Amino acid sequence: MFASRQISSIAKRAFSTSASSNAAKVAVLGASGGIGQPLSLLLKQSKLISHLSLYDIVNTPGVAADLSHINSNSKVTGHIPDNDGIKEALVGCDIVVIPAGVPRKPGMTRDDLFNTNASIVRDLASACAEYCPKAHILVIANPVNSTVPIVAEVFKKAGVYDAKRLFGVTTLDVVRASRFVSEVKKVTTEEANITVIGGHSGVTIVPLLSQSGFKFTEDEVKALTKRIQFGGDEVVTAKNGTGSATLSMAFAGARFTNSLLEAVVSGKKGIVEPTFVESPVFEKDVQFFATNVELGPNGVEKIHPVGKINQFEQGLIDAAIPELKNNIAKGKAFVNKA
Ligand code: NAD
Ligand code: LMR
């Protein structure tokens with residue numbers, strides 16, 4: 001089979017003497033969209049990417065031509081489904097970022113996107129399993145609590161699943177938490193480093209404000225927790241039917257991808273990002289859970305425990321688990337139904 005003959009492009013380039021020898025091929029699937037375009041723009045600035053491969057069902061030739069004029073050293077290619085475009089986009093990839101799928105409109109939950117996005121993610125995952133089975137897969141498409149299990153099941157069926165290389169991107173929750181707390185406490189965002197665990201939807205988003213080092217009143221804790229859990233709705237409402245967070249998501253997606261590149265390509269140690277991964281933390285109840293995760297050359301290096309929390313936060317976790325359990329089961333059942 002084609003996939004089994006593939007050698008990681010980083011490994012191949014390790015023997016090269018070119019200036020960009022130590023750099024990765026990164027694909028963005030859904031690259032023409034609201035997230036895909038600014039995310040690709042941010043990734044074009046990375047010195048750790050040698051080839052930025054853009055795939056979408058429409059418009060990637062134009063997006064790629066535009067980005068390719070930026071004078072950073074990476075090559076940019078655009079692919080659409082014609083002429084084996086998905087294969088061209090994925091072969092040799094080290095990292096694949098997936099923002100493909102429809103966004104919410106006011107009044108919808110992320111789970112309401114399942115019917116459309118589950119099959120988009122399943123089919124893209126299937127192509128990844130065939131053409132770049134060793135790539136790290138970063139899932140942005142909602143509902144993340146279900147789309148990550150979908151990718152896992154597709155990879156399992158293809159016999160190429162590696163739990164250490166599959167990530168649900170929950171970075172936007174951490175970015176928001178940092179910003180919102182910095183506003184309330186009148187500190188810089190660097191000082192407001194907030195751990196957010198759980199999943200990526202409403203009550204499954206669990207900020208651990210008690211671990212931040214700041215003192216909050218009870219009202220502040222309630223208001224901040226609600227705002228972090230429902231920050232996505234704030235943007236969906238403000239965009240008034242034209243979509244959900246795109247620019248802040250591109251920022252968050254680039255932050256996570258760059259952190260992974262530092263760990264995978266540069267071999268930097270001690271890089272920690274929150275992310276929704278297959279996790280032992282609540283394994284009796286849920287297979288996937290986001291906590292801080294140390295990244296390494298093979299993806300997940302070390303999954304951090306939840307740490308010390310208070311009673312309020314324990315209540316948030318207790319509320320998150322049943323919903324997460326349902327979301328995960330729904331994703332798995334979708335792949336295994338046939
Ligand atoms: P968008 O509609 O602007 O862009 C989606 C893109 O996906 C489009 O260009 C579309 O052509 C493409 N696409 C659709 N089907 C495809 C397929 N089969 N193959 C390749 N590309 C395909 O939407 P957006 O605002 O960019 O949001 C994308 C997804 O990201 C949504 O599901 C949204 O809910 C999710 N999202 C997640 C987070 C997060 O924190 N994880 C944050 C914001 C948005
Ligand atoms: C977000 O948190 O902004 C995203 O998940 C998009 C959404 O639907 O809210």
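Note that the structure is a prediction, hence the values are computed from the model and not measured. Just so you know, ligand 1 is whichever comes first in the structure, and atom 1 is the first atom listed for that ligand.
Nearest heavy-atom pair across H200 and N145 is N-OD1, 2.8 Å.
Looking only at protein heavy atoms, the nearest one to atom 8 (O) of ligand 2 is R104 NE, 2.6 Å. Looking at atom 14 (C) of ligand 1, its nearest protein heavy atom turns out to be I57 CD1, 3.9 Å. Nearest protein neighbour of atom 31 (C) of ligand 1, counting heavy atoms only, is V102 O, 3.2 Å. Nearest protein heavy-atom neighbour of atom 29 (C) of ligand 1: P99 O, 3.4 Å. Here the protein heavy atom with the shortest distance to atom 22 (C) of ligand 1 is A100 CB, 3.6 Å. With hydrogens left out, the protein atom closest to atom 43 (C) of ligand 1 is A245 O, 3.2 Å, a heavy atom. Of the protein's non-hydrogen atoms, the one nearest atom 38 (C) of ligand 1 is M249 SD, 3.4 Å. Protein heavy atom in closest approach to atom 8 (C) of ligand 1: D56 OD2, 3.6 Å. At the shortest separation from atom 5 (O) of ligand 2 among protein heavy atoms lies H200 NE2, 2.6 Å. Given atom 3 (O) of ligand 1, the protein heavy atom at minimum distance is G34 N, 2.8 Å.
Note that CG of L295 and OG1 of T275 are 7.5 Å apart. Values are rounded to the nearest 0.5 Å. Between the NE2 atom of H79 and the CD1 atom of I86 there is a distance of 9.0 Å, given to the nearest 0.5 Å. Distance CG/D56 to CD1/I80: 9.5 Å, rounded to 0.5 Å. A distance of 13.0 Å separates CZ in F167 from CD1 in I140, rounded to the nearest 0.5 Å. In this structure, OG in S68 is found 12.0 Å from NZ in K75, a value given to the nearest 0.5 Å. Summarising the geometry, atom CD belonging to E234 is positioned 10.5 Å from atom NZ belonging to K226; distances are rounded to the nearest 0.5 Å.
Looking at ligand 1, you'll find an N or O of I35 within less than 3.5 Å of one of its N or O atoms. Taking any N or O of S244, backbone or side chain, none lies under 3.5 Å from an N or O belonging to ligand 1. Geometrically, ligand 1 and V58 share no nitrogen or oxygen pair separated by less than 3.5 Å. Close N/O approach between R176 and ligand 2 is found [any backbone or side-chain N/O within under 3.5 Å]. Between I140 and ligand 1, a contact under 3.5 Å exists for at least one N or O pair. Checking only distances, I120 never comes within under 3.5 Å of ligand 1, N or O to N or O. Checked against a 3.5 angstrom limit, the closest N/O atoms of N142 and ligand 2 fall inside it. Residue contacts with ligand 1: Y55 is placed with no nitrogen or oxygen under 3.5 Å of a nitrogen or oxygen of the ligand (distance criterion only). For the pair N142 and ligand 1, the shortest N or O to N or O distance falls below 3.5 Å.
Side chains of S212 and K185: a donor-acceptor N/O pair is absent below 3.5 angstrom, by distance only. Side-chain contact of E313 with S210: a donor-acceptor pair under 3.5 Å is present, judged by distance alone. S72 and K44 are linked by a side-chain donor-acceptor pair at a separation below 3.5 angstrom, with hydrogens and angles left out of the test. Defined by atom type and a distance below 3.5 Å, a donor-acceptor pair is present between the side-chain atoms of N336 and E153. For the residue pair D318/Q314, the side-chain donor-acceptor check at 3.5 Å is satisfied.
Look at L172 and you'll find a heavy atom under 4.0 Å from some atom of ligand 2. The closest approach between a heavy atom of S32 and any atom of ligand 1 is below 4.0 Å. Ligand 1 lies out of reach of L29, whose nearest heavy atom is not under 4.0 Å from it.
Within ligand 2, the atoms closer than 4.0 Å to a non-hydrogen atom of A245 are 3 (O), numbered from 1 in the order shown. Those atoms of ligand 2 that come under 4.0 Å of a heavy atom in G232, given as number and element, are 1 (C), 2 (O), 3 (O), 9 (O). Taking every heavy atom of V169 and a limit of under 4.0 angstrom, the matching atoms of ligand 1 come to 40 (O), 41 (N). Residue T246 has at least one heavy-atom neighbour below 4.0 Å for each of these atoms of ligand 1: 25 (O). Residue contact check: V144 has heavy atoms under 4.0 Å from atoms 41 (N) of ligand 1. Within the listing of ligand 1, atoms 34 (O) sit less than 4.0 angstrom from a heavy atom of L113.
When the options G33, A250, P103 are ranked by their closest heavy atom to atom 2 (O) of ligand 1, first place goes to P103.
Of the heavy atoms in R110, only side-chain atoms (C-beta onward) come closer than 4.0 Å to ligand 2. Heavy atoms of N117 found under 4.0 angstrom from ligand 1 belong exclusively to the side chain. Contacts of H200 with ligand 1, taken as heavy-atom pairs under 4.0 Å, involve the side chain alone.
Under a cut-off of 6.0 angstrom, the local environment of CG in D82 is crowded, with over 12 non-hydrogen atoms contributed by other residues, nucleotides or ligands. Atom CZ of F251 sits in a sparse spot, with 12 or fewer heavy atoms from other residues, nucleotides or ligands closer than 6.0 Å.
Salt bridge R104/D233: present, at least one basic N to carboxylate O contact under 4.0 Å.
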Item to complete: Would you please test E294 and V272 for side chain to side chain contact (heavy atoms under 4.5 Å, CB included) and show each step?
Response: CA-CA 4 Å; E294 185 177 333; V272 174; 4.2 Å; yes
Worksheet item: Yes or no on side chain to side chain contact (heavy atoms under 4.5 Å, CB included) for F216 and L224, after CA distance, side-chain angles and deciding distance?
Response: CA-CA 10 Å; F216 298 98; L224 276 166; 3.5 Å; yes
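The only option from I70, V63, L52, D66 that meets the side chain to side chain contact (heavy atoms under 4.5 Å, CB included) definition with L41 turns out to be I70.
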